[in-house]
There are 2 protein chains.
Amino acid sequence: MGSKKILLVEDDPNFGVVLKDYLALNDYNVTHAKDGIEGLIMFKNNDFDLCILDVMMPRKDGFSLAQDIRGTNKEIPIIFLTAKTMKEDVLKGYQVGADDYLNKPFDSEVLLLKIKAILQRKETESAQDSEQFEFAIGNFSFNSKLRHLSIRNEEPQKLSPKESKLLRMLALYKNDLMPRELALTKIWRDDNYFTSRSMDVYIAKLRKYLKADEGVEILNIHGEGFRLVDKS
Amino acid sequence: MGSKKILLVEDDPNFGVVLKDYLALNDYNVTHAKDGIEGLIMFKNNDFDLCILDVMMPRKDGFSLAQDIRGTNKEIPIIFLTAKTMKEDVLKGYQVGADDYLNKPFDSEVLLLKIKAILQRKETESAQDSEQFEFAIGNFSFNSKLRHLSIRNEEPQKLSPKESKLLRMLALYKNDLMPRELALTKIWRDDNYFTSRSMDVYIAKLRKYLKADEGVEILNIHGEGFRLVDKS
DNA sequence: TGTGTTTTTAAGTAATTTTTAAGAAAAAAA
DNA sequence: TTTTTTTCTTAAAAATTACTTAAAAACACA
């Protein structure tokens with residue numbers, strides 16, 4: 001499947017180089033940035049599978065960098081390297097959405113295992129998502145393969161292909177923002193004025209179907225996208 | 001087709017009973033074991049279709065039980081119930097061959113959907129490239145080798161080779177989507193405009209034959225394929 | 001070779017799905 | 001506030017896909 005790309009941000013030059021070589025030796029494609037600022041630039045110019053961030057760094061610390069990274073990518077796994085057992089660090093790390101953390105000095109074997117575990121988990125998770133076709137949305141159950149939106153024992157509402165794809169994408173992001181651009185590029189294969197208008201029409205159609213349950217609605221987040229909220 | 005048998009292994013007595021009743025209410029035949037040891041004994045003395053295992057249990061935890069279960073049956077679907085954020089659990093679960101996992105507390109609707117999806121997947125999977133040639137479709141019995149579609153004691157309707165192959169494929173995917181493309185590539189060996197028109201003609205022929213039973217019909221899923229529904 | 005069976009092609013119709021359009025409403029920016 | 005941008009709603013036009021029937025072509029077999 002091609003070796004995974006890792007962004008390593010570590011200001012200690014000696015340690016950084018050793019760690020990079022060690023990971024490279026284990027078949028990872030590692031890019032090494034020497035501080036947070038450089039790390040952010042590299043992150044934006046590449047497509048990484050995982051980030052390893054030192055917490056204590058000059059110019060921009062690991063947490064601040066993590067926040068910026070999350071700004072562009074909510075999915076990418078992040079591992080923090082913290083000094084000693086800084087409880088606060090750990091806590092703060094999880095708030096930013098750390099997938100794991102390691103106290104320096106750490107066992108390099110353990111780091112390898114954690115990397116492997118996290119990457120594998122992400123893979124099965126995303127595979128899961130890409131195959132899921134049954135959803136619970138309020139009182140509805142929705143089957144995106146049969147394109148049926150059913151409520152209780154009533155006759156299911158049939159959906160058109162695009163209606164179904166769009167609702168599925170909203171359901172995958174249930175209660176969270178589903179970016180407009182994502183649906184347009186994935187479902188309409190193009191993001192322009194007309195496809196965007198077309199999508200609006202489909203949102204209107206879905207809203208009509210979903211009226212049958214008060215606790216379910218599609219909210220617009222101006223300029224960003226839509227949010228399927230399910231209060232149940 | 002008779003209700004599916006589920007083995008539920010959960011040590012929390014309150015939660016276990018509630019969950020058992022909920023599943024029973026949804027037409028599953030549930031057996032409830034109170035720990036891993038009891039679960040294994042019950043598993044060996046019965047013939048279940050699916051297992052739902054709590055991970056954290058006294059005497060024998062869910063993973064250990066899963067390993068023992070896999071020792072006797074490599075096919076049976078297993079769903080794990082894990083405590084909230086135990087990411088390691090998830091990973092370990094997949095290593096043992098989990099079909100899915102749910103974090104407690106979970107949405108019971110979601111559990112139902114997952115059970116349904118997993119059981120259905122197993123069914124179609126095993127049906128897939130099977131040598132099966134006898135099918136029950138509503139009041140019909142269909143033998144794809146003899147190309148006979150019979151109802152009651154009446155003289156069987158003889159089918160042409162293509163009619164028989166197509167009906168067999170629909171029957172393998174009974175009540176589920178049979179993708180147009182699949183039939184075209186497997187039966188017609190080519191997927192183009194003309195083979196697609198040809199297939200339409202065959203669908204029309206099959207529909208005529210199947211009219212003899214009201215509870216059976218071939219529905220079109222626009223742009224996707226056909227679904228042989230059997231309400232009986 | 002002829003005959004019955006099976007399969008493909010054709011053509012017109014029907015149904016479904018998607019896009020486009022245009023005015024009104026709402027939200028954000030100036 | 002006024003202006004600009006984005007979203008909502010409805011309806012009609014355009015495009016795609018499916019259905020029906022029948023005739024032509026291909027095939028199988030005596």
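Below, chain A is the first sequence line, B the second, and so on; all start at residue 1. Note: hydrogens, waters and symmetry copies are ignored here, and every other heavy atom, side chains too, is used. Model, not experiment: these values are computed from the prediction.
- Between C/dT18, D/dT6, D/dC8, one nucleotide has an atom nearer to the side chain of A/Phe226 than all others, and that is D/dC8.
- At C/dT7, none of the side-chain N or O atoms of B/Lys205 fall inside 4.0 Å of OP1 or OP2 (strictly under the cut-off).
- Distance A/Lys165 NZ to C/dT17 C1': 12 Å, rounded to the nearest Å.
- Considering only the side chain of A/Asn220, D/dT7 comes nearest among D/dC19, D/dT7, C/dT6.
- Taking 4.5 Å as the limit, every side-chain heavy atom of A/Leu81 sits out of range of all side-chain heavy atoms of A/Leu53.
- Of the candidate nucleotides C/dT7, D/dT9, C/dT17, C/dT7 has the atom nearest to the side chain of B/Pro161.
- Across the protein-nucleic acid pair, B/Lys211 atom NZ and D/dC19 atom P stand 13 Å apart, rounded to whole Å.
- Regarding B/Leu219, its CG atom lies at a distance of 16 Å from the C1' atom of D/dT17, rounded to whole Å.
- Here B/Lys158 lies out of heavy-atom contact (under 4.0 Å) with every strand.
- The side-chain tip of B/Arg197 points at the ring of B/Tyr193 from less than 6.0 angstrom away and within 45° of straight on.
- Residue A/Arg180 places its side chain closer to D/dT7 than to any other of D/dT7, C/dT8, C/dT6.
- Aromatic ring orientation, A/Phe135 versus A/Phe142: parallel (interplanar angle below 30°, classes split at 30° and 60°).
- Straight-line distance from the CG atom of A/Leu206 to the P atom of D/dT7: 16 Å, rounded to whole Å.
- Note: CD1 (A/Ile187) to P (C/dT17) measures 16 Å, nearest angstrom.
- Scanning residues 188-203 of chain A for heavy-atom distances under 4.0 Å to DNA chain C yields A/Trp188, A/Phe194, A/Ser198, A/Val201, A/Tyr202.
- Going from atom NE2 of A/His222 over to atom P of C/dA25 covers 17 Å, rounded to whole Å.
- At a cut-off of 3.5 Å, with distance as the only test, no side-chain donor of B/Arg147 or B/Ser160 sits close to an acceptor on the other residue.
- By the 6.0 Å contact criterion, NZ on A/Lys174 is enclosed, its count of non-hydrogen atoms from other residues, nucleotides or ligands being greater than 12.
- For the pair A/Glu217 CD and D/dC8 C1', the computed distance is 15 Å after rounding to whole Å.
- Counting heavy atoms from C-beta on, the side chains of A/Leu40 and A/Glu38 never come closer than 4.5 Å.
- In this structure, a donor-acceptor pair under 3.5 Å is absent between the side chains of A/Asp61 and A/Ser64.
- Between A/Lys162 atom NZ and C/dT20 atom P there is a gap of 10 Å when expressed in whole angstrom units.
- Annotation: of the two residues near DNA chain D, B/Lys208 and B/Gly225, the 5′-most nearest-nucleotide partner is B/Gly225.
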